[in-house]
Each structure stands twice: as C-alpha cells, then as structure tokens.
Amino acid sequence: MIKTILSLATVAFAAVLTSCGSKPALCDNSAIMVDQCGYAPTDAKMALLFSKGEKFSVLDCDGRTVLSGDVSAPAFWPEAGDSVRQIDFSRLSAEGCYVISVDDSILSPSFRITPRPHQAALTSAARAFYYNRASMAIDELHGGKWARSAGHPDTLVLVHKSAASESRPEGTRLSLPGGWYDAGDYNKYIVNSAISTYTLLLASDLFASVADTLALSIPESGSASPDLTSETLYNLRWMLSMQDPADGGVYAKLTSLSFEGFIMPADCHMQRYVVAKSTAAALDLAATAAFASRTLPLRSESLKPLADSCRTVAAKAYAWAKANPDVIFHNPDDVSTGEYGDGDVSDEWFWASTEMWLLTGDDAYAADAAAHVKTCSLPSWGCVAPLAFYSMASANRSLPGINAVEELAQVADSLLAAAEASPIRLSMSLFDWGSNSFVANSAMLKAVAYKCLPTRSDYVASLRDDLHYIFGRNATGYSFVTGVGSRPPMNIHHRPSAADGIAEPVPGFLAGGPNTVVPADCGGVETRSSYPAKAYADQECSYSTNEVAINWNAPLVFALLADVSF
C-alpha cells in the first residue's frame, strides 16, 4: 500500500518549493495535519492524526524511510468532536523534504525541515499590506500578476454631516489619499488602523535586526527607511491626515455610505466621506502617533521630521479627547459600513495616556493612566489596554504600581497552561470571529514576554505551536494564509481577490478562521462543520470565517518576525 501512496505523491513532491512560498504544492486531503511550511532542525516537531493509527514512518521525498515510531494514544478534542493522536518526530533534524505515513495507508502533505521555515511566509504576510493600499496602482514590477489600476484616490472626500464643524461644514472637500483598505471591503477606519499600525511599528522596534533587512519589493524599496517601516508609514501618514487641524479631533473613518460590490478598486465610484469624530479615534491616533514619535528615529534619521509631526498630532488628539471624553461612535442613519463601535473607551484612555507618558515623561499623563488602569490580556481593536503593557515592557519603564513584565508573564503563563491541556497544544478553545487572530495575538504576547524574559524558552516553543496551527496543524487541514502551504484558502472574502479574474487570491492574507458565533453567512449553501474547530468554509461568501483584515495580518507578521528572529 505504501508504494502505491508514494507513487501518487511523486507529483506533489515535484511541486514542493525549497521554502514555504508563493505557489501551492499539490497534496491530498489527509488525516495527518502538519505545518505545511515545515519545521526548524532543532525544534520540537509534531504532526496530528485525526484517524486511527498505531505506527508512523517519516519518508524523504525520494521514498526512503528515515524515522519510525509509535503514534500516541488518542485524546478526545471536544472542539473538534474528534479524537486526535500526536506524531512526535522531533528526533529528525536532517534538512530536506519529507512526508509522514501512518500504518502504510495514510500520507501527510509534504513539508520541509529547514532553518527559518517561515521566512517566505513572513515576506508574503508583510507584502499583503502593499496589495491592500488605497489610492495607488499596484504595478506589475512589484505586484506581479496581481497588478491592478489605482482606485479610491480620496482627493475629493466630503465632510459628512456627522463630522461637520464650524471650520469644516458639511460638504467641505478634503484630500485624504493613502492608507490601507481595512479588510475585505474598501473603507479605511482609524480604530482598526491604530492597532494594526502600532503592531507593525512595535515589531520593527523589537526585532529590528530582521525587520530592517526584510526585502518586500515595494515601490519604496531602496530608500533610507527599511521596507517594513515604509509600508507601515503608508498607513500612518493617512491616519495623521484624518485629524481636523482646527481642533485636534479625529474622524472615525473614511468610507462610502454603503459597501461597494465585489468589483475592482478602479471600478468603484461611490462618493467617499469622513464620518464623525470620536473619543476612541482620537485616543487611538494619539497612542499610535506617540509610539511612532518615540521609535521612528531608531529606524532612520530621515524620519525625525515625521516623528516630530507625530508628537504634535498626538498631543492635539489627546487634548481633544480630554475635552470630549465620552463621544462614542455610532454609524449615522445613512451609513452602513463597518462601525467598530465601542461603548467603553477606558482601555483607549489607558493606552493613550501610557504612550504619552512614555513619550514625554509628563506626570499628568501618568495620572490619567492611573485613573484608567487595566489588567493585561490579549489585545484586539476593542481591547487595546494590553498595548500599554507591551510598550512599557519593551521600553523597560512601568507606571507607578505596575510591573508590566510580570503582568505579561501572567497572561503568557495562562496561555501556556491552556496549551498544555490541549491535545494539539493550542491556547484557544473559543472559536469566535477572527479566531486565527486570537492565535496570532497569543503568539505575539508570548514573543513580547520572551523578549523581556529571555530564559523562558517555553514561550518560544508555544509561539511556534501557534504558527504550526496557522500553517496547517489544525482540525481543518488548511494553511490559513493565502498562497502559503499545500492547502491554502482559495476563496477569501476580499474584493480584489474576487474581482481580478485570477484563480489564486492575493497572497499573504490570514483568513479569519473557524467561527461558530456566526453559524451561517452563505445563504444555506455553505458546508461548514458544526464543531467549532472545524467550522470554517473556504467560500467567498463566508465573511465570518474567510474574510481578511489588517488587524489580523499585523500580529501574524509580528509572530513570524519573532519566530525568524529567535
């Protein structure tokens, strides 16, 4: 039987790349789940078996058996409604291309053992932001077959009635080009941009030796600034432009009144508006700009003038929030695009005041932070308090009464305990909206904690378990990043990918992942499992499982940078 399986696999072997890269290899829909990018020679190596089995063999891609062993006893995984067995092949360290066979009847997708197995995935995930740029063409030199014409110039944006002020009445024309499309839609939101931009700025700060040499092949490549910094600044500069210079307030979003259809950017002609200032938007911009002001000069001396501008913007946005402390954003009646509504801005206050204190040392900001102090947890766009702990810990400065490193370690330890209790070493058991971002953010927190506590190598091991999950060692068998691995998503909820006429989606995007909070979103035609860990549909209509978003890709880039750096 094994000879038959190997003969069927030779085509897949021929398609395997030297690293986990841009073109999917062929593979069967196996019951053996592996990290489709591969494993580093000295790391622990585990595959998952969602089937019965007793003996496993690891074969090189020429069909030679290089390692054999016993499959572990089964452990029931309630979230998958299935028993799972572990295949531990950590003893194998020789570089090369491999597959795993169980009982001479089941064959895994192929994978590699190689140093830095996620290097190509890192480049792809970081380049995804370039593909999501608004207001510019993606040229063939930098975009390859995903080149497209420019759309949404955003040079004739109108002030919506909800955002009108004395100096900028309703209908005032503004020019606010640039920035990233937020997700599968074509709008731009300050709240979600803030956590995404901050995450990439922090990644560049903590992992400068790798981040500053990352070659992304973007139009700014070769400039005085590193590529990842240049890409991040494309969005940051747009964020700065969303501040009203007259009063320091910040518009919550730049949007059409309703979502565009699944058409290319150049074919979109709806009028665009800036909509309502809000306290959350002002504080998120203040925090992001303050962090940028403090760290950008470390990336390039040429960024000092931008850092100075960020300092001014941050101070003005914070002052506006002080004067308008509870302006909660809600979509106006005539606007139906993403709301990013958040009725509790105490976490934004804590983050922004902490960043302003780290930037200026002013005790007034420390007092504001003390009035809104939070405990550490995993971050999201609606829970940004953890970002204050990241900044304090990475700067080795904590507010009075707070030990940021200890707080981070407590959360990291709780994540490790959850992973230890999981039959697949996963810290997550709730498969909510954007579940894959929970995994990426878990990895990010462990990375920050390890940077502060370098003796805790278990944080790095768990971070890599998170990446193994994302790249295929999960209950679905998908590598959840487009263009990466042997079974990536092909039908993401992403307008350019749906409308460009190219079979493969734009590469480098992390799909949202299994989700049981929204059990159906394809009008009854989807084939999603009722088990949480398997509740994923690779269908364009499945926005609850297969949409992409900048705040999901950002922690993925962070985790990959950490993995490559450690």
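In this text the structure is predicted, and so the values were computed from the model without any measurement.
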(request) Classify the angle between the aromatic ring planes of Y181 and H152 as parallel (below 30°), tilted (30 to 60°) or perpendicular (above 60°). (result) perpendicular
(message) Salt bridge or not between K45 and D35? Use side-chain N to carboxylate O under 4.0 Å.
(response) no
(message) Under 3.5 Å, is there a donor on one side chain and an acceptor on the other for S394 and K451?
(response) no
(request) Test D413 against R456 for salt bridge (Lys or Arg N to Asp or Glu O under 4.0 Å), laying out the working first. (result) CA-CA 10 Å; D413 288 345; R456 293 296 304 271; 2.9 Å; yes
(request) Indicate yes or no: at least one non-hydrogen side-chain atom of N553 is less than 4.5 angstrom from one of N132. (result) no
(message) What's the separation between atom CZ in F480 and atom CG in N436, rounded to the nearest 0.5 Å?
(response) 5.0 Å
(message) Any side-chain to backbone donor/acceptor pair from N235 onto W180? Under 3.5 Å, distance only.
(response) yes
(message) For the backbone of N491 and the side chain of N546, can you confirm whether one donor and one acceptor N or O come within less than 3.5 Å of each other?
(response) yes
(message) Does this structure show an ion pair linking D521 with R528, if we count only N-O contacts that are shorter than 4.0 Å?
(response) yes
(message) Taking R272 first and then D154, would you say they form a salt bridge - that is, a charged N and a carboxylate O separated by under 4.0 Å?
(response) yes
(message) Classify the ring geometry of W433 against Y543: parallel below 30°, tilted from 30° to 60°, perpendicular beyond 60°.
(response) tilted
(request) Using modelled atom types only, decide if a donor and an acceptor are shared between the side chain of E547 and the backbone of G184 within a distance under 3.5 Å. (result) yes
(request) List the steps, then state whether side-chain contact (heavy atoms from CB on, under 4.5 Å) holds for R148 with V506. (result) CA-CA 11 Å; R148 59 169 172 80; V506 176; over 6 Å; no
(request) Answer yes or no: is there a side-chain heavy-atom contact under 4.5 Å between V102 and S51? (result) no
(request) Begin from the C-alpha positions of M444 and L378 and carry the test side-chain contact (heavy atoms from CB on, under 4.5 Å) through to its verdict. (result) CA-CA 9 Å; M444 178 179 173; L378 281 182; over 6 Å; no
(request) Measure from NZ or CZ of R487 to the centre of the six-membered ring of Y478 and say whether it is under 6.0 Å with the direction within 45° of the ring axis. (result) yes
(message) As a quick check of understanding, evaluate side-chain contact (heavy atoms from CB on, under 4.5 Å) for V34 and Y39, giving each step before the final call.
(response) CA-CA 9 Å; V34 299; Y39 305 80; 3.7 Å; yes
(request) Indicate yes or no for a side-chain donor-acceptor contact from S278 to the backbone of I328 under 3.5 Å, with no hydrogens or angles considered. (result) no
(message) Name the residue from D466, D563, D465 that meets the salt bridge (Lys or Arg N to Asp or Glu O under 4.0 Å) definition with K446.
(response) D466
(message) Minimum heavy-atom separation for L214 and A126, please, with both atom names.
(response) CD2-CB, 4.2 Å
(request) Say whether S427 and S442, considering side chains only, have a donor N or O and an acceptor N or O under 3.5 Å apart. (result) no
(request) Would you confirm whether N515, through its side chain, and T545, through its main-chain N or O, come within 3.5 Å as a donor-acceptor pair? (result) no
(request) Give the C-alpha distance, both sets of side-chain angles, the deciding distance and a yes or no for side-chain contact (heavy atoms from CB on, under 4.5 Å) between M392 and C376. (result) CA-CA 12 Å; M392 286 187 283; C376 191; over 6 Å; no
(request) Determine, for D43 against R464, whether the closest basic-nitrogen to carboxylate-oxygen distance falls under 4.0 angstrom. (result) yes
(message) Once rounded to the nearest 0.5 Å, what's the spacing between atom OG of S391 and atom CG of L201?
(response) 10.0 Å
(message) Nearest 0.5 Å, please: how far is CG in L387 from CG in L202?
(response) 8.5 Å
(message) Is it true that N474 and Y536 share a donor-acceptor pair across their side chains at a distance under 3.5 Å?
(response) no
(message) Please check this pair: side chain of S435 against backbone of P514, looking for a donor-acceptor N/O pair closer than 3.5 Å.
(response) yes
(request) Look only at the side chain of N324 and the backbone of V327, and say whether a donor-acceptor pair between them is shorter than 3.5 Å. (result) no
(request) Would you list the pairs meeting ring-ring contact (aromatic ring centres under 6.0 Å, His included) in which at least one residue belongs to residues 410-432, sequence neighbours left out? (result) none
(message) Classify the ring geometry of H372 against W349: parallel below 30°, tilted from 30° to 60°, perpendicular beyond 60°.
(response) parallel
(request) Indicate the atoms forming the closest heavy-atom contact of A317 with A282, along with that distance. (result) CB-O, 3.5 Å
(request) For residues F350 and V384, determine if any side-chain heavy atom of one lies less than 4.5 Å from a side-chain heavy atom of the other. (result) no
(request) Would you indicate whether the side-chain heavy atoms of S196 and W381 approach each other to under 4.5 Å? (result) no
(request) Start with the C-alpha distance between Y340 and N331, add both sets of side-chain angles, then the distance that settles side chain to side chain donor-acceptor pair (under 3.5 Å), and finish with yes or no. (result) CA-CA 9 Å; Y340 288 106; N331 266 337; over 6 Å; no
(request) Compare every heavy atom of R127 with every heavy atom of L216, then report the nearest pair and how far apart it is. (result) O-NH1, 2.6 Å
(request) Using only heavy-atom distances, determine whether the side chains of E348 and T279 contain a donor-acceptor pair under 3.5 Å. (result) no
(request) Identify the heavy atoms of A475 and F50 that sit nearest to each other, and give their distance. (result) CA-CZ, 3.8 Å
(message) For D182, is there any backbone N or O sitting under 3.5 Å from a side-chain donor or acceptor partner on N187?
(response) no
(message) Within the structure provided, determine whether F129 and L200 are in side-chain contact (heavy-atom separation under 4.5 Å).
(response) yes
(message) Would you say OH of Y531 has more than 12 non-hydrogen atoms from neighbouring residues, nucleotides or ligands within 6.0 angstrom?
(response) no
(message) For a quick test of reading the model, state the closest non-hydrogen atom pair linking L556 to A125 and the distance between them.
(response) CD2-CB, 4.0 Å
(request) For residues L176 and S241, report the shortest heavy-atom separation together with the two atoms involved. (result) CD2-O, 3.2 Å
(request) State, yes or no, whether a side-chain contact exists between K253 and V335 at a heavy-atom distance under 4.5 Å. (result) yes
(message) Just so I know, are the side chains of D326 and V345 near enough to count as touching, which here means a heavy-atom distance under 4.5 Å?
(response) no
(message) Under a 4.0 Å threshold between the charged nitrogen and the carboxylate oxygen, would R133 count as salt-bridged to E231?
(response) yes
(message) Can you tell me which residue among Y198, F207, W552 is in a ring pair (Phe, Tyr, Trp, His ring centres under 6.0 Å) with F558?
(response) F207
(request) Calculate, to the nearest 0.5 Å, the distance between atoms SG and CH2 belonging to C383 and W351 respectively. (result) 11.5 Å
(request) For this output row, return yes or no: ring centroids of H493 and F509 closer than 6.0 angstrom. (result) no
(message) For a 4.5 angstrom cut-off between non-hydrogen side-chain atoms, does V448 reach L408?
(response) yes
(request) Please round to the nearest 0.5 Å and tell me the distance separating atom CG of D458 and atom CG of L416. (result) 5.0 Å
(message) Checking the side chain of D88 only, and the main-chain atoms of M46 only, is there a donor and an acceptor separated by less than 3.5 Å?
(response) no
(message) I'd like to know if the side chain of Y251 reaches the main chain of Y273, judged simply by a donor and an acceptor atom lying under 3.5 Å from each other, with no hydrogens or angles considered.
(response) no
(request) State the OH-CG distance between Y469 and L48, to the nearest 0.5 angstrom. (result) 11.0 Å
